[in-house]
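Just so it is clear: chains get the letters A, B, ... in the order the sequence lines come, proteins before strands, and each one is counted from 1.
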Number of protein chains: 2
Amino acid sequence: MSDLDIIDIEAIVRNEPKGGKRELRLWLRLLSTSNLIASQIRRNLRDKFDVTLPRFDLMAQLYREQDGLRLSELSKRMMVSNGNVTGLVERLVQEGLVLREVDPEDRRAFIVRLSKSGMTKFAAYAKENERFILALFQSIDPATIDALMGNLERLKKSARENAAG
Amino acid sequence: MSDLDIIDIEAIVRNEPKGGKRELRLWLRLLSTSNLIASQIRRNLRDKFDVTLPRFDLMAQLYREQDGLRLSELSKRMMVSNGNVTGLVERLVQEGLVLREVDPEDRRAFIVRLSKSGMTKFAAYAKENERFILALFQSIDPATIDALMGNLERLKKSARENAAG
DNA sequence: TTTATATATTTTAAGTTTGAAATAATTGAA
DNA sequence: TTCAATTATTTCAAACTTAAAATATATAAA
């Protein structure tokens, strides 16, 4: 057995890139891209409006549904836990940006929506945020954007369908 | 002024998809894809090994650099804050998975690396994790993976270059 | 040497996040 | 009606995360 056996010959034969399988590398790249952009967006929102990204995200959901949403629907759309949404809403209500009312149809449930002031403030947040994201992505051409949109959707679909593992 | 003016005609003329500009929608899709996959991976690691994703990620970095890394280098590679790494390492040292030694070259710095036991355990984590990710991505063909790899890299580059906003 | 500046890490406070257990209300079957 | 199962939310403990301030050491210029 020569020293060369230290190298994983089989991996080379299988035509696998250094650093693991293609799928693994794709996941790492997806994560690092998403983290990089998220942290830039977070910093910008913080610097310009002193608002955190989770609060912005929650308000974005409510801005889209001006009649309000149940907490459970909100947590589903934001893809975070119920307990998480409870806390976020609590702080936003405290600040007067969000209203929380009992659902007349179901006394277990609450419906939350943006207050007048939340509406106004979010509109400003969103405008600046959109400007910022356009600036971040300015070197990307439309075809690349479309390709990414389609392929990310495929990826999401695959992950959802094979969730059992 | 007719009722039709309620619709944002300009947006339609500018050929913008419903829900905002393409760039904005791309960011939302990137984020939700990444979140979905991250939460599936998190659950799997938790169920199988009772290990959290941040700990797994940290150990992955150290597994790749078996001679160890400085805390600052670790936080740079993980793209998280220094204080964050301090706490994670603390807990991993507590559990005997990671060793933390003063850098002989610089008394301000520490070098952390996997312990023997950390090495063994991580190897098992990584094997299962790879299997799981391959399963999640099983419906994705190689060409799509390559396209995503390239386009995500472009996106990251654009975001880095235009970080000023 | 002295001192200013930079670097490596820790500490702290506030906030975010999860998963599990608890509470409360609804629904549907017997 | 009654009761079991389901659903909506909250509470809780533990962990993660950030940004800013503090600490300690290193480096280099005067």
Applied to residues 39-53 of chain B, the salt bridge (charged side-chain N to carboxylate O under 4.0 Å, His left out) test, sequence neighbours excluded, yields K48(B)-E128(B)
Applying side chain to side chain contact (heavy atoms under 4.5 Å, CB included) to Q66(A) and not counting sequence neighbours gives Y63(A), M119(A)
So salt bridge (charged side-chain N to carboxylate O under 4.0 Å, His left out) across residues 79-96 of chain B, not counting sequence neighbours, yields R55(B)-E95(B)
Outer limits of DNA chain D sitting under 4.0 Å from a non-hydrogen atom of chain B, read 5' to 3', are dA15(D) to dA26(D)
note: E73(B), atom CD; dT7(C), atom P; distance rounded to Å ~ 15 Å
Under 4.0 angstrom, heavy atoms only, what part of the nucleic acid is T52(A) near: base, sugar-phosphate, or nothing?
-> sugar-phosphate
Note: N162(B) and A135(A) closest approach over all heavy atoms is CB-O, 3.2 Å
L36(A) reachable from L26(B) in the ILVMFWY side-chain graph, under 4.5 Å edges | no
From CG of L74(B) across to C1' of dT10(C) the rounded distance in Å is 15 Å
Contact check, residues 76-84 of chain B vs DNA chain C, heavy-atom distance under 4.0 Å, returns N82(B), G83(B)
Residue pairs meeting salt bridge (charged side-chain N to carboxylate O under 4.0 Å, His left out), one or both in residues 57-68 of chain B, sequence neighbours left out, come to E65(B)-R77(B)
Residues passing the side chain to side chain donor-acceptor pair (under 3.5 Å) test with S81(A), sequence neighbours excluded, are none
Here the residues of residues 29-43 of chain A within 4.0 Å heavy-atom distance, strictly under, of DNA chain C are none
Residues in residues 54-71 of chain A with a heavy atom under 4.0 Å of DNA chain C, by number, are P54(A), R55(A)
Applying side chain to side chain donor-acceptor pair (under 3.5 Å) to T52(A) and not counting sequence neighbours gives none
Practice problem: Would you tell me whether S32(B) and K156(A) have side-chain atoms, one donor and one acceptor, within less than 3.5 Å of each other? | Solution: yes
(message) When you group the ILVMFWY residues by side-chain heavy-atom contacts below 4.5 Å and let the links chain together, are L31(B) and L134(A) in the same group?
(response) no
So, with a heavy-atom separation below 4.0 Å from DNA chain C, the residues of residues 101-110 of chain B are R108(B), A109(B), F110(B)
Within residues 87-95 of chain B, the residues having a heavy atom closer than 4.0 Å to DNA chain D are L88(B), R91(B)
